[in-house]
Amino acid sequence: MEKIDNYVPRSIDDYDRLYKESVTNPEFFWEKIALSFIWRKKWNNVLSFDFNKPEFTWFNGGKLNISENCLDRHLLDKPNQTAILFEPNDPKEKHQEISYRELHERVCRFSNVLKKNNINKGDRVCLYMPMVPELAIAVLACSRIGAVHSVVFAGFSSTALAARISDADCKMLITADGSFRGNKTIDLKSIADEALVSCKSVKVSIILKRINSNIKLNKIDKWWHDEISMVSNQCEPVGIDSEDPLFILYTSGSTGKPKGMVHSCGGYMVYSEYSFKNVFQYKRGDIYWCTADIGWITGHSYIVYGPLLSGATTVMFEGVPSYPDFGRFWEICEKHNITHFYTAPTAIRALAKHPKSFVSKYNLNSLKVLGTVGEPINEEAWNWYNEVVGKKTCPIVDTWWQTETGGIMISSIAGVTDQKPTFATKPMIGIQPVLLDNNGKEISENGKEGVLAIKYPWPSIARTIYGDHERYKNVYFSAYPGYYFPGDGALTDSNGNYRITGRVDDVVIVSGHNLGTAPIEDAINLHENVVESALVGFPHEIKGNALYAFVILKDDSKSDNISKEINKLISSTIGPIAKPEKIQLVPGLPKTRSGKIMRRILRKIACGEKDNFGDISTLLNPEIVKVIVDKN
Ligand code: WT7
């Protein structure tokens, strides 16, 4: 059996050698990596692909069970090691340490609950849950029986939840009686109930008791604790086809409908463990903490699958960085001797606003590696992270990737390759990024700017958009035929280090959350007094970007509570994260002759630009620009 650790670089020479190997003969390379996993049946073919269809298959014909690789595989050599370390929202509530043996048992038990409730291989199960161990357990239980999990972030509204349940035709919803968040409790159950009114596909709902609220069960509801008491704690993993779907995870795009990105079992498994081990250089005994929510891809790949496949101890935190005060992250780092800490630039910027004493109060000597994800990190935040948190002794990995890529694509490797503030730096082993110019031609020299593209498949590329392969093709493979197009711009320095410059499409990254402008405009347009709206992003000190809405009303005399009403609509259709920072009422929007809104101009106005809009004579209504600027 091959050992994956032999392919994890420990020096820059290793990295150079392995990178070269991985791109010279990718199939040979990935075959060796894949051999270190448990396969119930070996594959026939490492890779086949066609960027035009588009179609990608990895380890086709192979059969595996990812939960077996996450759990059973570790029972021999580390049954008593903590797999999940759970830190509750309330620091006074006792934390939990769940060993690999216990996690295995609890996952098996819940797998039997799924089976008992008629969930079979291929069925979709929606998870709308707080950040508690049962969320990870439910995820792993789905994967153990070949059911497809669709985790919906518990900050989404009932409308957003319903849209995701319906899109995937989920047969089951797993939720909780509520969740704790700072000093608040959130009534998840009512939100779920509201969503289910319009979701007839859901036949059973399993409810976890978390906050002990006095909820009433509906006909289809069953308590988690009752269900697990009725089944055995043994469940043999079944072999799932490598290309069978493992999960669906929604991300927003440039039309109103969220995209259900589908990831498959074999390639995702191989890449999530390999990338985790590479980037973080995790060693036995380390305590790794990623502060993301499992409702996002970061949580899927680098709280649950990557770390557990690697036999790591992974921390799950239920709460928020500001509760009970702004020192909570560092208090947890000290309490659990955290060695690896992975968070979002937004969180760093928010914490850096507060006195350093919130950090210096705690002993952070256990920290070895720091990481960031989700958006570009500015130099000031990077320096604060490096100096105040890392005491200049911890490498910082700035990891660029996406829901669609399944795993980290561009990042430095902790302590192995060079880091450079604001640069994600070098491609991961096996990843082949390029910069393309305006004509879609590859830019071969360093020190240039262009759009980022990937020119060769990697194992964890999303295989399709659930129910809409045409859209998958249009969004990612049509603008630049023969490449995967992620939607980001980038530049390289003279050494070929990549710096991500930001989105080049209608997606805005707000506090690390990927927000398509179209669905938010749709929500605003639901207001009876709104004719039309346009949303753009602008730079924001803490959030990275914030949203600016330009709104045309039918009747300007009825504008008293308009901002409040619009915000309420957005919260209820999408969620509070999508609320704009600024709403400006305007008499018209700058449009091209074909009727397209010129967002480029609105973006400039949102940034405070007064003139300098370039040639606006081709607009249908050039005069509107000055009117909007004057009222800004
Ligand atoms: C978009 C993907 C990756 C998991 C969390 C977000 C932006 C992500 C970085 C980074 C600059 C980044 C990109 C990307 N992004 N990481 N290190 N530097 N930008 O996943 O919601 O699918 O969003 O986030 O714009 O395309 P996502």
Side-chain angles (χ1 to χ4, degrees), residues 151-153 155-156 247-254 258-263 271-272 275-276 279 290-306 342-349 370-379 381-382 385 396-412 419-428 431 433 451-454 460-462 465 475-476 484-491 497-517 519 537 539 543-545 574-575 577-578:
V151 184
V152 175
F153 172 58
F156 275 117
F247 64 84
I248 302 172
L249 185 61
Y250 288 86
T251 185
S252 55
S254 11
K259 297 175 288 192
M261 304 313 306
V262 180
H263 282 281
Y271 197 70
S272 49
S275 58
F276 174 78
V279 172
C290 164
T291 71
D293 192 288
I294 293 176
W296 310 113
I297 191 68
T298 311
H300 281 59
S301 302
Y302 300 113
I303 295 177
V304 182
Y305 287 116
Y342 187 31
T343 196
T346 292
I348 297 167
R349 287 190 293 264
L370 302 175
T372 69
V373 58
E375 53 186 315
I377 181 162
N378 50 309
E379 192 137 11
W382 194 96
Y385 202 26
I396 299 179
V397 293
D398 173 354
T399 62
W400 175 82
W401 58 298
Q402 309 180 295
T403 305
E404 295 85 337
T405 67
I408 295 168
M409 302 291 280
I410 302 181
S411 169
S412 58
Q419 61 185 28
K420 178 168 176 178
T422 78
F423 281 72
T425 74
K426 292 286 165 88
M428 298 303 298
I431 304 300
V451 301
L452 188 59
I454 315 289
S460 62
I461 183 173
I465 292 176
V475 176
Y476 305 106
Y484 168 78
F485 170 56
D488 283 302
L491 55 79
N497 287 306
Y498 285 88
R499 174 186 188 161
I500 311 301
T501 50
R503 301 292 305 191
V504 296
D505 57 5
D506 290 336
V507 169
V508 185
I509 310 283
V510 180
S511 300
H513 298 307
N514 187 332
L515 298 174
T517 52
K543 301 176 178 176
N545 295 290
I574 302 168
I577 50 174

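One-based numbering, in listed order, for ligands and for the atoms of each.
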As a quick check of understanding, evaluate salt bridge (Lys or Arg N to Asp or Glu O under 4.0 Å) for R349 and E375, giving each step before the final call. CA-CA 12 Å; R349 287 190 293 264; E375 53 186 315; 2.8 Å; yes

May I ask you to decide if G407's main-chain N or O and T405's side chain share a donor-acceptor pair within less than 3.5 Å? yes

Any atoms of ligand 1 less than 4.0 Å from a non-hydrogen atom of D398? List them with their elements.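 Matching atoms, with element in brackets: 10 (C), 17 (N), 18 (N).
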
Ligand 1 atoms in contact with T399 (distance to a heavy atom under 4.0 Å):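 Counting atoms of ligand 1 from 1, those under 4.0 Å from T399 are 9 (C), 10 (C), 16 (N), 17 (N).
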
Looking only at protein heavy atoms, identify the closest one to [atom] and say how far it is in Å.
atom: atom 5 (C) of ligand 1; value: T298 OG1, 3.4 Å
atom: atom 11 (C) of ligand 1; value: P376 N, 3.1 Å
atom: atom 14 (C) of ligand 1; value: D488 OD2, 3.2 Å
atom: atom 22 (O) of ligand 1; value: T403 OG1, 2.6 Å
atom: atom 10 (C) of ligand 1; value: E375 O, 3.5 Å
atom: atom 6 (C) of ligand 1; value: G374 CA, 4.1 Å
atom: atom 21 (O) of ligand 1; value: N514 CB, 3.1 Å

Ligand 1-proximal atoms of [X], by part, heavy-atom distance under 4.0 Å:
X: I297; value: side chain
X: Q402; value: both
X: H513; value: neither
X: I509; value: side chain

Take T251 and W296, measure what side chain to side chain contact (heavy atoms under 4.5 Å, CB included) needs, and give me the verdict at the end. CA-CA 9 Å; T251 185; W296 310 113; over 6 Å; no

So H263 and F247, would you call those rings parallel, tilted or perpendicular, with 30° and 60° as cut-offs?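 Correct class here is tilted.
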
Work out which heavy atom in [X] is nearest to a heavy atom in [Y]; give both atom names and the distance.
X: S412; Y: I396; answer: OG-O, 3.5 Å
X: Y302; Y: I408; answer: OH-N, 2.9 Å
X: N514; Y: S252; answer: O-OG, 2.7 Å

Close approach of W401 to ligand 1, heavy atoms, under 4.0 angstrom: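 Yes, that is the case, since the closest heavy atom of the residue is under 4.0 Å from the ligand.
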
Do K259 and Y476 get their side chains close enough for a donor-acceptor pair, meaning under 3.5 Å?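 Their side chains do contain a donor-acceptor pair, which is all the 3.5 Å distance test asks for.
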
Could you work out, with side chain to side chain donor-acceptor pair (under 3.5 Å) as the rule, every residue matching S272, not counting sequence neighbours?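 Result, side chain to side chain donor-acceptor pair (under 3.5 Å) vs S272: none returned.
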
